[in-house]
Amino acid sequence: MLEKEPLVSVCMPCYNHEEYVGQAIQSVLGQTYTNFELIIVDDASTDRSVEVIKSFNDPRIRVKVMEENTGFGAAEYMFEQMQGEFVCWLDSDDMWEETLLETYIGFLQEHKEYGVCLCKPLMIDGSGAVLQEEPFYSAFSDENMGKEQWFRKIYRQGNCFCSSTMCIRRELYDQVGKFRFQYKQIHDYDYWLRLLQVAEIYVYPESVARYRAHWEGDKPNVSMPTQEMLTRYETERAYILLEVTENLDKDFFVKTFSDLLKFQPEEDGFCLECEKFWMLKNSYMCPPLSAIFYYYRHYQDEDFQHYCKNVYGITNNLIYGMAGRIKEDPVKRHLPEREDALANLSFNPGKKPVIVWGAGKRTQVGFKDGLFNFPIAYIVDAGKSRKKLGGIEIIPPEDMTDWKNYYVIVTPKVYQDEIFQELSDKGLQYGSDCIGYEEFCEMQAEIYKTKMLRDINTEGAEVVLVPEWPIGDMCSIMGFVKAYKEKVKKSLAFYIIGKRGKEALELCPHIEHVEMIPSGCEDVLEDFFKEEKSRIFDMRLLFEGEDNLDAVKAVRRFFKLPKETEFDRFALKILPDTEKITRLFESFGLRRGKTVFIVPYANWFGPIGKELKSAGFWTKLCDALSREGYDVIFNSEEEVAAGVPYTFMGLSDLPGFVELCGNVVGMRTGLLNFIAIFTNVTIQCLWPEDDSVYFNTDRWKAFYKWGHLSESARSKEMMEAGIALTRETERTEKIFEFICQSDEEDIERIVRNLDRSCV
């Protein structure tokens with residue numbers, strides 16, 4: 001405990017946060033540091049927020065309810081009322097850990113050189129779940145540096161601090177001045193730029209606050225990127241950077257941007273106003289409007305005119321060209337050097353080792369689909385808890401010291417231009433030293449286009465374009481390939497989207513050539529597919545007919561095969577490596593005939609798959625099997641039952657592994673179909689045996705479209721629509737009968753059947 005406990009003013013504005021404000025208040029009242037005042041101003045909420053606020057009875061709380069909504073007038077009122085030596089801000093949907101105030105005040109009392117203490121918060125969603133992989137999370141910084149470095153980072157790349165984690169000395173707040181709430185969108189960006197000119201900031205290494213990012217409902221706290229929001233954001237940023245740059249002290253400006261200046265102060269030709277103009281013009285974060293206004297503010301000064309024309313090359317034509325960019329869509333604006341490089345773009349001309357910047361979904365899919373079909377030295381990303389991806393080390397950007405010795409592929413969609421600005425600051429040129437994900441995919445797509453044209457123009461060959469289907473559907477197709485080849489009397493070159501389908505096709509003895517098109521290249525090639533549609537056998541159209549057809553009938557129709565054509569079972573083209581499979585099997589301590597291989601989810605059926613059986617069911621099943629002396633192994637992308645081993649295997653190895661297990665239990669999935677074709681093991685399938693799938697109802701079309709949305713974009717209403725759809729089909733009446741069965745009955749039946757098979 002501190003010898004002296006200075007008063008802390010905690011300011012909490014609230015508007016329509018009835019579901020969150022109670023948690024925010026409780027996180028303040030639960031602080032281990034107790035000498036604080038909590039000033040809450042409700043800005044005329046229309047929900048039960050005021051009722052929740054007034055339910056707390058604590059003398060340290062002061063509440064003001066505005067009679068009508070004032071916008072940021074509520075926040076201004078709060079700052080007028082505060083009496084503490086330190087000031088904190090907490091939005092009414094965010095939370096603190098109980099040690100935040102004690103930690104911050106203790107640090108600031110011992111380190112007088114710092115004026116502000118804050119941290120990189122944990123990001124949570126509306127329900128409180130941590131969103132550490134959310135791209136927006138990477139915007140917050142957890143590093144420490146001097147105020148000039150912080151100023152430069154925020155000036156050129158954008159805000160990286162979270163206000164709800166901030167504690168500032170009161171005298172410093174009085175010196176810098178109030179938040180300027182005339183900037184509705186980014187008043188905090190303006191405040192940090194003013195603050196960092198006079199104060200050192202310390203970023204506490206632990207996340208002692210939680211920032212809630214929720215998009216859902218009619219009260220989101222994160223602005224969606226509408227055109228109106230982007231325009232307002234662009235306009236506010238233009239005026240903020242204009243005013244901040246205009247008022248920057250010369251010494252601070254030179255110290256902050258010394259390596260980017262055209263001339264140093266001691267050199268002939270140095271002009272502070274011209275240097276500031278170039279800084280505004282060349283910073284990505286600065287819209288053209290800022291530099292143009294700055295130019296015309298100083299245009300009447302004769303010295304400025306002289307230096308512009310004779311030393312810095314700032315001409316009226318340059319200004320007119322910048323003015324032409326003002327109406328550009330802010331989302332589509334690129335750095336000037338990127339625009340110039342696009343015409344003569346080439347990938348890694350210097351043949352340097354490659355770095356991928358970003359460990360998010362694009363990069364993960366790129367590794368999965370083979371987009372990065374060359375060695376990768378490192379993956380660079382900030383704030384990632386994992387240490388490796390695809391066996392490649394993930395390192396933070398600050399640990400890289402020799403950027404010029406590598407070629408960088410930038411994969412994030414969010415903050416891409418800020419990353420390119422940072423690479424530019426390090427001396428990397430777009431095209432020769434780095435490239436964006438979209439442009440990289442375009443270049444990779446050209447390689448596949450060349451390959452396809454080669455096969456299209458080969459006499460006696462046919463190019464077949466296949467979608468990324470579940471493995472069971474791929475096996476269904478393979479069963480008819482031989483008959484189709486005999487009919488057309490051509491060799492078949494298959495091009496498939498996705499790695500798993502490629503594995504399945506490569507096992508078919510009737511297919512000589514399989515190429516996988518990475519998913520990032522598919523959209524780029526769509527125009528080419530259309531141009532060559534008369535020469536490409538596009539199996540993606542397989543289920544686009546109007547008739548209600550099951551999968552087998554649809555395949556027969558698409559290949560134009562007679563109804564009597566039989567499904568052709570065949571052996572694997574690639575024989576399993578028996579010794580390797582046996583070693584893997586034994587490494588888990590498994591026993592032949594007493595091991596159960598479980599395939600838990602009906603993956604292809606989208607969200608309904610998770611409705612069919614919960615993770616709790618599989619956990620209870622594992623417990624029951626263990627009591628009966630069975631071993632269990634999962635094939636899943638998630639460890640759905642704690643303590644149960646799970647593995648990923650190549651498709652050619654899977655039949656041999658399953659033969660050793662002797663027992664398979666699971667939902668009806670493509671993987672189970674694959675196992676059934678290539679092994680003699682009996683499968684206990686919890687999915688009804690009728691495999692008919694109906695595609696063309698209106699609800700199905702809506703559901704199919706929805707199934708391609710991201711998880712965060714899916715709503716409860718669409719889930720209900722999907723469930724309603726399944727009730728319209730014949731087989732799903734059986735599925736819902738199955739769902740309603742008790743877990744205990746299912747588990748008893750599975751164990752009973754396994755015991756019989758082992759007798």
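- Residue pairs meeting the salt bridge (Lys or Arg N to Asp or Glu O under 4.0 Å) criterion with at least one partner in residues 506-517, sequence neighbours excluded, are Lys451-Glu515, Lys485-Glu512, Lys502-Glu506.
- Considering only residues two or more places apart in sequence or on other chains, Glu532 meets the salt bridge (charged side-chain N to carboxylate O under 4.0 Å, His left out) condition with Arg535.
- Residues meeting the salt bridge (charged side-chain N to carboxylate O under 4.0 Å, His left out) test with Asp527, sequence neighbours left out: none.
- In this view, Lys352 and Asp433 satisfy the salt bridge (charged side-chain N to carboxylate O under 4.0 Å, His left out) rule, not counting sequence neighbours.
- Remark: Glu442 engages no residue in a salt bridge (charged side-chain N to carboxylate O under 4.0 Å, His left out) (not counting sequence neighbours).
- For an aromatic pair to be called close, the ring centres must be under 6.0 Å apart, and Phe528 with Tyr448 fails this.
- With sequence neighbours left out, Thr315 forms a side-chain contact (heavy atoms from CB on, under 4.5 Å) with Asn317, Leu318.
- Scanning for side-chain contact (heavy atoms from CB on, under 4.5 Å) contacts around Lys580 gives Asp577, Arg583, Asp653, with sequence neighbours left out.
- Taking the side-chain hydrogen bond (donor to acceptor under 3.5 Å, both in side chains) definition, one finds that Thr165 meets it with nothing, sequence neighbours left out.
- Judged as a side-chain hydrogen bond (donor to acceptor under 3.5 Å, both in side chains), and not counting sequence neighbours, the contacts of Tyr312 are Glu275.
- Here Pro265 pairs with Lys250, Val254, Phe270 under the side-chain contact (heavy atoms from CB on, under 4.5 Å) rule; sequence neighbours left out.
- When ring centroids are compared, Phe367 and Phe372 come within the 6.0 Å threshold.
- Residues that satisfy the side-chain hydrogen bond (donor to acceptor under 3.5 Å, both in side chains) test with Tyr295, not counting sequence neighbours, are Asn316.
- Ring pair Trp403/Trp357 is parallel by interplanar angle, where below 30° counts as parallel and above 60° as perpendicular.
- The side-chain contact (heavy atoms from CB on, under 4.5 Å) check on Glu148 picks up Phe252, Lys255, Thr256, with sequence neighbours excluded.
- Using a distance-only test at 3.5 Å, with no hydrogens or angles considered, a donor-acceptor pair links the side chain of Gln444 to the main chain of Leu371.
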